[in-house]
A.B. asks: 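After the structure tokens below, expect a handful of questions from me.
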Amino acid sequence: MTPSLDVLRDAGRISDLDYHLARLVLRLGGEGLDPDERADLAAAAALCSAQTRAGHVCLPLDRLAGTPVLEACEEEDAEDGSGGTEPSPLEGACWPGLGAWRAALGKSRAVGVGEPPTPLVLDGADRLYLHRYWAHETELSAALRDRLRAPDEPFDAAWLRGALDRLFPPEPGDPPGGVGPDWRKLAALIVLQRHFAIVSGGPGTGKTTAVIKLLSLRVERAQAAGQTLRIAMMAPTGKAAARLQEVVAREKARLPVPARVRDALPVEATTIHRRLGAYGRGYVHGPGNPIPYDVVVVDESSMVDVVLMSRLVGALLPQAQLLLLGDRDQLASVQAGAVLGDLCRQATDRGYSAALAQQFADLAGHALPAAEVRAGPTGIGDAVVHLRRNFRFDANGGIGAVAARAIEGDDLGVLAALRDPATLRVALLEPPEAGHTARIVARAAAWAYAPCLRAADLDEAFRHFQGFRILCAHRRGPDGVEALNRAIRGALVRAGLLSGEGEWVRGRPVMVTQNDHAQRLYNGDVGLCWPDAGGVLQVHFPDGQGGYRALLPTRLPAHETVFAMTVHKSQGSEFDRVLLVLPEKVSRVLTRELVYTGVTRAKTEVVVLGGEDVVRAAVRGRVERWSGLGE
């Protein structure tokens, strides 16, 4: 028998929000249903709501139908890593069978197929949606299909062949003929033709460097035709936008292109919210008032959820090109959906068309791997490129080896790489016994942050602070960010590196946790508390142009201390060295994507703090997001 809403809520399997939404669905659509059908409808509505909070876009009924409730539900607040030992009132309870669930939903006026609108939507693949998420996913998929079906833009093959050789010459030390396909050249071929494209790749594969070169090709072609190309660069967070802007400014100066091309390239990157004109719960730009750009580039797009991506695509001009950059193997967005991952998986399954493979061979002199080429058109397959050559990490050693084995799910390989003394600049540090994590982290922080806190000026302090970071899997619990930041601050005070008097002291790092458009501060922005020229303590944020913006602490939006931060919050950042802190107990938060994302935030050195069983469980786990976008 399906458990009641009261039992599910009392057992912590649904929230108050899920509970009341399900009660509303019963009031709107429970008429004419028998008690068992009402219970099945209520459970489906509550679970559908709960799944969006867990990052899913929909509830796949066939995945849960008939399964034990205790196995199928998400853990309550998995972020804190805790788990109860008391017997559960849900012991032995199961979700309804698929036939019973379909029947109950099919009889309810609160469930429909999308139009006319109903609170819940059930599609032909037994995916149940809240109407809002069904609408956004449907609108996004339709808009992307339209761009994929648009006619390819023409290009001059002789010009492009010379331009590719100029922009992507052989790397020093490469053998004659290169080392195989140059995937950056394939990206250029796709970006010059398609109205929608994805360039994916891990840290060190040169995504941003490649894309500024691809944009220069588009500008060069447009100028030759007497046209002006309007380009917008965006990212999901202020921190990621600032980093994109810095990289583009640096790489523009090195481009082997005419000055007029370089001058026409964009100089500013903003958050997606800011570009869309976010205000309160709405946006200035949308289908009726599109943003006026011909090319829109979105960096760190793995962090963009289905709702925000739908809003962005809906605000584009019909003829505008959308170019997504990101790492398909990174953690997905905190909100519902894994847009980049869904699209990249579809592209991998479909492969490249023989026509595109022949174009590439003619232009670049290399053949694409035969296993990745399919007969006939492949749709999104011809719009996605995954950059595979790493210019920062050796794939067979150090950070590169750990990252590669983690994303493959090779738990024993990850442990072997961390423990191998021949594998430089990576290590595994196992706590000697339970309860020692905070003490170990605090001691490491006192040593690593000392150069920052002893710095003579703000520039030196920021340089040292950006050189090291502590990354955690959890936010709460004894191994989480909140507890560790308290322990670190205490250790720094005892070491005489930080004042213990008052909240705002010289050297305190803070991270903004809520967007404030008026102050131009966004979730994820990091600043340092430091005295200004007059000795007044202010919080200084990099302005993306080599300087800082200073604000009094009283003017800051919601924020928190950030000696340690979650792996999720670290996305889009790079540090010289990283201490990745795993919890002492296994939890659902631990996945191979979390390990991969954590270790690849480091450029030169990473230490993983955790026991063998926890490391193995993390690498064996993986992020799964339920949606229908790929199909």
A.B. asks: Where is the tightest heavy-atom contact between R161 and L363, given as atom of each residue plus distance?
C.D. replies: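 Heavy-atom minimum between the residues: CG-O, 3.5 Å.
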A.B. asks: Are the side chain of T271 and the backbone of P236 linked by a donor-acceptor contact shorter than 3.5 Å?
C.D. replies: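 No, the answer is negative, given that no donor and acceptor are paired below the 3.5 Å cut-off.
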A.B. asks: Strictly distance-based, threshold 3.5 Å: is any side-chain N or O of Q245 a donor or acceptor partner for the main-chain N or O of A269?
C.D. replies: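 The answer is yes, because a donor-acceptor pair under 3.5 Å joins these two groups.
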A.B. asks: Could you state the interatomic distance from CH2 (W183) to OG1 (T205), rounded to the nearest 0.5 Å?
C.D. replies: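 Reported to 0.5 Å precision, the distance equals 13.0 Å.
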A.B. asks: What are the two closest non-hydrogen atoms of A602 and I399, and how far apart are they?
C.D. replies: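 Shortest heavy-atom separation between A602 and I399 comes out as O-CD1, 3.6 Å.
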A.B. asks: How would you list, by chain and number, every residue that makes a salt bridge (Lys or Arg N to Asp or Glu O under 4.0 Å) with R463, sequence neighbours excluded?
C.D. replies: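 So R463 forms no salt bridge (Lys or Arg N to Asp or Glu O under 4.0 Å) with any residue.
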A.B. asks: Any ion pair linking E251 and K213 (charged N to carboxylate O, less than 4.0 Å)?
C.D. replies: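 No salt bridge links K213 with E251.
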A.B. asks: E137 side chain to G628 main-chain N or O, any donor-acceptor pair under 3.5 Å?
C.D. replies: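 Side chain of E137 to backbone of G628, a donor-acceptor pair under 3.5 Å: yes, one is there.
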A.B. asks: Regarding E605 and R425, does a basic nitrogen lie under 4.0 Å from an acidic carboxylate oxygen?
C.D. replies: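 A salt bridge links E605 with R425.
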A.B. asks: Report the residues that fulfil salt bridge (Lys or Arg N to Asp or Glu O under 4.0 Å) with D165, sequence neighbours left out, ordered by chain and then residue number.
C.D. replies: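 Listed in chain order: K185.
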A.B. asks: Apply salt bridge (charged side-chain N to carboxylate O under 4.0 Å, His left out) to the pair E408 and R405, showing each step before the final yes or no.
C.D. replies: CA-CA 5 Å; E408 292 167 0; R405 293 167 189 173; over 6 Å; no
A.B. asks: Is the backbone N or O of V306 less than 3.5 Å from a side-chain atom of S310, with the two atoms forming a donor-acceptor pair by type?
C.D. replies: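 The answer is no, because no donor-acceptor pair under 3.5 Å joins these two groups.
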A.B. asks: Does the side chain to side chain donor-acceptor pair (under 3.5 Å) test come out yes or no for D576 and T604, once each step is laid out?
C.D. replies: CA-CA 5 Å; D576 293 331; T604 59; 5.1 Å; no
A.B. asks: If we ignore hydrogens and angles and just use 3.5 Å, is the side chain of R328 paired with the main-chain N or O of S200 as donor and acceptor?
C.D. replies: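 No, because the side chain of R328 does not come within donor-acceptor range (under 3.5 Å) of the backbone of S200.
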A.B. asks: Spell out, as yes or no, whether a donor-acceptor pair under 3.5 Å connects the side chain of T138 to the backbone of A135.
C.D. replies: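 No; judged by distance alone, with no hydrogens or angles, the pair does not exist.
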A.B. asks: Where do A417 and V402 come nearest, in terms of heavy atoms and distance?
C.D. replies: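 Answer, listing the atom of A417 first, then V402: CB-CG2, 3.9 Å.
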A.B. asks: Taking all heavy atoms of A320 and all of L316, pick out the closest pair and write down the distance.
C.D. replies: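 So the two residues come closest at CB-CB, 4.4 Å.
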A.B. asks: Testing the basics here: between G351 and T378, what is the closest heavy-atom pair and its distance to 0.1 Å?
C.D. replies: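 Taking G351 first and T378 second, the nearest heavy atoms are O-OG1, 3.0 Å.
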A.B. asks: Would you sort out whether L122 and R127 count as a side-chain contact (heavy atoms from CB on, under 4.5 Å), showing the intermediate values?
C.D. replies: CA-CA 6 Å; L122 182 64; R127 291 183 291 251; 6.0 Å; no
A.B. asks: Hey, which of Q359, H195, R194 is the one that makes side chain to side chain donor-acceptor pair (under 3.5 Å) with D152?
C.D. replies: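 Answer to the side chain to side chain donor-acceptor pair (under 3.5 Å) test with D152 among Q359, H195, R194: R194.
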A.B. asks: Return the minimal non-hydrogen interatomic distance between V307 and R132, and the atom names on each side.
C.D. replies: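 Nearest heavy atoms, V307 then R132: CG1-NH2, 3.6 Å.
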A.B. asks: Can a donor-acceptor pair be found, under 3.5 Å and without considering hydrogens, that links the side chain of E300 to the backbone of L325?
C.D. replies: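 Here the side-chain-to-backbone pair does not exist.
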A.B. asks: Looking at R243 and E574, is there a salt bridge between them, counting it only when a charged N and a carboxylate O are closer than 4.0 Å?
C.D. replies: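 Answer for the salt bridge query: yes.
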A.B. asks: Could you check whether S302 and D327, counting side-chain N and O atoms only, form a donor-acceptor pair closer than 3.5 Å?
C.D. replies: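 Their side chains do not contain a donor-acceptor pair, so the 3.5 Å distance test is not met.
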A.B. asks: Rounded to the nearest 0.5 Å, what separation is found between the OH atom of Y129 and the CD atom of Q51?
C.D. replies: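 Output value for this atom pair is 13.0 Å.
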A.B. asks: Can a donor-acceptor pair be found, under 3.5 Å and without considering hydrogens, that links the side chain of K603 to the backbone of F575?
C.D. replies: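 Not a single qualifying donor-acceptor pair exists.
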A.B. asks: Working to the nearest 0.5 Å, report the span between CZ of R389 and CG of D182.
C.D. replies: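 One finds 8.0 Å between CZ of R389 and CG of D182.
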A.B. asks: Salt bridge (Lys or Arg N to Asp or Glu O under 4.0 Å) with R145: which residues, sequence neighbours excluded?
C.D. replies: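 Counting only residues at least two positions away or on another chain, R145 forms no salt bridge (Lys or Arg N to Asp or Glu O under 4.0 Å).
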A.B. asks: So, the side chain of R275 versus the backbone of M234: is there a donor-acceptor pair under 3.5 Å, distance only?
C.D. replies: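 Side chain of R275 to backbone of M234, a donor-acceptor pair under 3.5 Å: no, none is there.
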A.B. asks: For the CG atom of L323 and the CZ atom of R218, what is their distance to the nearest 0.5 Å?
C.D. replies: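 So the CG of L323 and the CZ of R218 are separated by 9.5 Å.
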A.B. asks: Going by distance alone, is a donor N or O of one side chain under 3.5 Å from an acceptor N or O of the other, for Q321 and R147?
C.D. replies: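 On atom types as modelled, these side chains do not qualify, holding no pair under 3.5 Å.
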A.B. asks: Can a salt bridge be assigned to the pair R345 and E624 using a cut-off of 4.0 Å between side-chain N and carboxylate O?
C.D. replies: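 E624 and R345: not salt-bridged.
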A.B. asks: In Å, rounded to the nearest 0.5 Å, how long is the span from CD of Q346 to CG of L343?
C.D. replies: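 Reported to 0.5 Å precision, the distance equals 8.0 Å.
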A.B. asks: Quick check for you: to the nearest 0.5 Å, what is the distance between I407 atom CD1 and D410 atom CG?
C.D. replies: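 The CG atom of D410 is 12.0 Å from CD1 of I407, to the nearest 0.5 Å.
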A.B. asks: Ignoring hydrogens and angles, tell me if any N or O in the side chain of T209 forms a donor-acceptor pair with the backbone of G206 under 3.5 Å.
C.D. replies: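 Side chain of T209 to backbone of G206, a donor-acceptor pair under 3.5 Å: no, none is there.
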